[in-house]
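Since the structure comes first, as structure tokens, the remarks are kept for the end.
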Number of protein chains: 2
Amino acid sequence: MSAAEPKPVSMFDVAKRAGVSHQTVSRVINDAPMVAAATRAKVKAAISELGYRPNRSARTLAGGAVRSVTVFTFDTSLYGTAETLRGIEDAASAAGFTVLISVLDPEQTYTEGEILGRLSHDGAPAIVIAHDETTTQARRILRKAQPGAVVATGDDKLRDEPGAADWLVPLDDRLVAKRATRYLLSMGHRTVHYLAMPGKARRQDGWSEALLEAGIEPPEVIPSGWTIGSAATAAADLVADPEATAIMCGNDDLAFGVLHAAHHAGRSIPGDLSVIGFDDCPMAAYHIPGLTTVDLDFRGVGRSAFELLRHKLEGGPEPRTSWRSPELIVRETSGPARPRS
Amino acid sequence: MSAAEPKPVSMFDVAKRAGVSHQTVSRVINDAPMVAAATRAKVKAAISELGYRPNRSARTLAGGAVRSVTVFTFDTSLYGTAETLRGIEDAASAAGFTVLISVLDPEQTYTEGEILGRLSHDGAPAIVIAHDETTTQARRILRKAQPGAVVATGDDKLRDEPGAADWLVPLDDRLVAKRATRYLLSMGHRTVHYLAMPGKARRQDGWSEALLEAGIEPPEVIPSGWTIGSAATAAADLVADPEATAIMCGNDDLAFGVLHAAHHAGRSIPGDLSVIGFDDCPMAAYHIPGLTTVDLDFRGVGRSAFELLRHKLEGGPEPRTSWRSPELIVRETSGPARPRS
DNA sequence: ATGAAAGCGCTAACAT
DNA sequence: ATGTTAGCGCTTTCAT
């Protein structure tokens, strides 16, 4: 079938070549102290001459420090998750960690065994990108089974759970959502509608708080799926209603769907209708008209999640939070409410 | 620091509980024949009572069939790669494989050791999503080191390499690119410009072939980066030129960039300028105007890549190709050339 | 149909 | 500063 592949070179091969014990080789590759400079050099030479590469399975099995993270997520092709994953990957590979990914189907319910069975071994470090029911459930299972080796990102009221600060990298969008809603209100809109992604996000709370504080009863939330198309469908009735002048959307994709629906309903943007999104995906700035949205630093969140995990694993100084805080970016899909006729 | 976590249950624990040897447990979890039904049942019961889960590192180390794939790719947040990854993930997890991902920085050059060192162990199965120089290089290194355990997806003339059919899942976009170019020509455009992603893609060949066959000397290719913004910048001069009436773009994102630039240059679409992309990302259909593009089944390609890899690993019947062939989808950004004044 | 023995490549604990 | 001895949890091969 396939060409015979040569037997990989092991630590013993290197040891023999360098004239030392395999243990010394181990010390060298792990940067342990207590190795004479000359010995270290000899070993390193042997390593590169032989092209030796440590076997990670053996390392893990032997109980060394684990150098891998399993990321649980629900859709790697969504902008937010893709960027978060990217941030995790950046930080992880810089630290010499391998990243495994485990995609969970939102339509499915997983047993404890199914979730834990996706880890390479019991207790393997994990990061959960929790933005829906299924991943939130996975987070609970993992946190219960191995609290010392799991962190999560997410915004779905995770903070309300006890001790969340120890394991959560929150994308704090509640406040910006509130600010964004107030901005819309300040432009003369009598109310702001909210088109929601599946699950209840914190940004929705910000929206209703702002409304309530302005003495406005929040209108019913419009539920949408995750796709542009589902948003277009979900918003069809709303955009046809001339009373609706401002819509806040769960993310940029949904906003694009709403914009599409509004276009087909013959409403002009932002004259008849203001629309704002969340994420500031690259398309937001290049859409015509430019999408008013909230800049969310998913990549920074991913990086921070990894740093936090590593801190839990290896100790050391508390990592400082290092992601940009969310910020409203006003472009061209939002503006003053048209004076009522 | 963290709560003490209980020692995981091993195969021996299960064996003791079921009153058999650990070997019999191994047979049961591997669905080996030669186990009495009653014994099998007893063992399964013990497994679920104890919540036993096999340790993958130990399995790998002991030389069992490898049940993981490492995916090498260059940017998980691009639509094409994200979808391909998703397809691999779907197929892999259905087959009980773990997927590891290794992101390569396009700006960087990697040594053989660096690439091979990202594998969990020598000879670990890998899939390379090769769309640029760096990943193509990784592909070469991996194919040389372990030809029996590497497949690749990609379109960058990979087919010209010897024996490519055995390890390549090609995204054959040369022909559609040709068809798309002919379509544009048939609409009366005197030539078609091409805005290229980094690296030379097969679709570019299709474009030039169509032009040549029509007796037209292909205009100079406009090089662009991978981002919408870079495309907008790269196309700025071209869209300002009234002689340019049709532009084909390396992918949808670039097309959006061109559309943005055209808008700012005051050119109307498709009246003054026809623009077409590649990918048919979800936004394409919802962009206003709808983007004419080529539907590429990245997810199917990813699935097929996994199936091909599995075939190489485990033998069995040749997997049949199972992705949709690319198809031109005409929407609203393309149309007849405006009659010359 | 089941069990026993050996060993995968490494790290840890204990020598020296 | 270096070497020796035990395993980690599993699959293989060979017995029975």
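Please read all numbers here as calculations on a predicted model, not as lab measurements.
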Provide the distance between the two C1' atoms, one in dT11(C) and one in dA15(C), to the nearest whole Å.
16 Å
In whole angstrom, what separates L61(B)'s CG from dT11(C)'s P?
12 Å
Would a distance-only check, ignoring hydrogens and angles, find a side-chain to backbone donor-acceptor pair under 3.5 Å from T73(B) to I129(B)?
no
Between H131(A) and F74(A), how do the two ring planes meet: parallel, tilted or perpendicular, split at 30° and 60°?
tilted
Using whole Å, what does the distance between atom C1' of nucleotide dT11(C) and atom CE of M34(A) come to?
18 Å
Separation of atom CG in D13(B) from atom P in dG9(D), rounded to whole Å:
9 Å
Please check: side-chain N/O of R56(A) versus main-chain N/O of S57(B), any donor-acceptor pairing under 3.5 Å?
no
May I have the distance from K42(B) (atom NZ) to dA1(C) (atom P), rounded to whole angstrom?
14 Å
On DNA chain C, compare the nucleotides closest to P33(B) and V25(A); which residue's is nearer the 5' end?
P33(B)
When we call it a touch if two heavy atoms are under 4.0 Å apart, what does H121(B) touch: a base, just sugar-phosphate, or nothing?
nothing
With distance as the sole test, does N30(A) use its side chain to make a donor-acceptor pair with the main-chain N or O of A32(A) at under 3.5 Å?
no
What about H22(A), does its side chain sit under 3.5 Å from the base of dT11(C) through a donor-acceptor pair?
yes
Would D90(A) and R86(A) satisfy salt bridge (Lys or Arg N to Asp or Glu O under 4.0 Å), going step by step from the backbone distance to the final call?
CA-CA 6 Å; D90(A) 285 353; R86(A) 184 62 202 278; 3.3 Å; yes
Is T39(B) near enough to dT2(C) that one of its side-chain N or O atoms lies under 4.0 angstrom from OP1 or OP2?
yes
Please report the distance, rounded to the nearest Å, between CZ in F12(B) and C1' in dG3(C).
12 Å
Can you see if the side chain of S21(B) gets near the phosphate of dG3(C) - specifically, an N or O under 4.0 Å from OP1 or OP2?
yes
Under 4.0 angstrom between N30(A) side-chain N/O and dT11(C) OP1 or OP2
yes
Between P on dC10(C) and CG on N55(B), what's the gap in Å once rounded to a whole number?
16 Å
Given dG9(D), dT2(D), dT13(D), the nucleotide with the shortest approach to the side chain of Q23(B)
dT13(D)
On the nucleotide dG3(D), are OP1 or OP2 found under 4.0 Å from the side-chain N or O atoms that T24(A) carries?
yes
Calculate the interatomic distance between R27(B) atom CZ and dT2(C) atom C1'; express it in whole Å.
6 Å
What's R56(B) touching, base or sugar-phosphate or nothing? Going by heavy atoms closer than 4.0 Å.
nothing
Would you mind reading off the distance between I29(B) atom CD1 and dG9(D) atom P, rounded to a whole angstrom?
13 Å
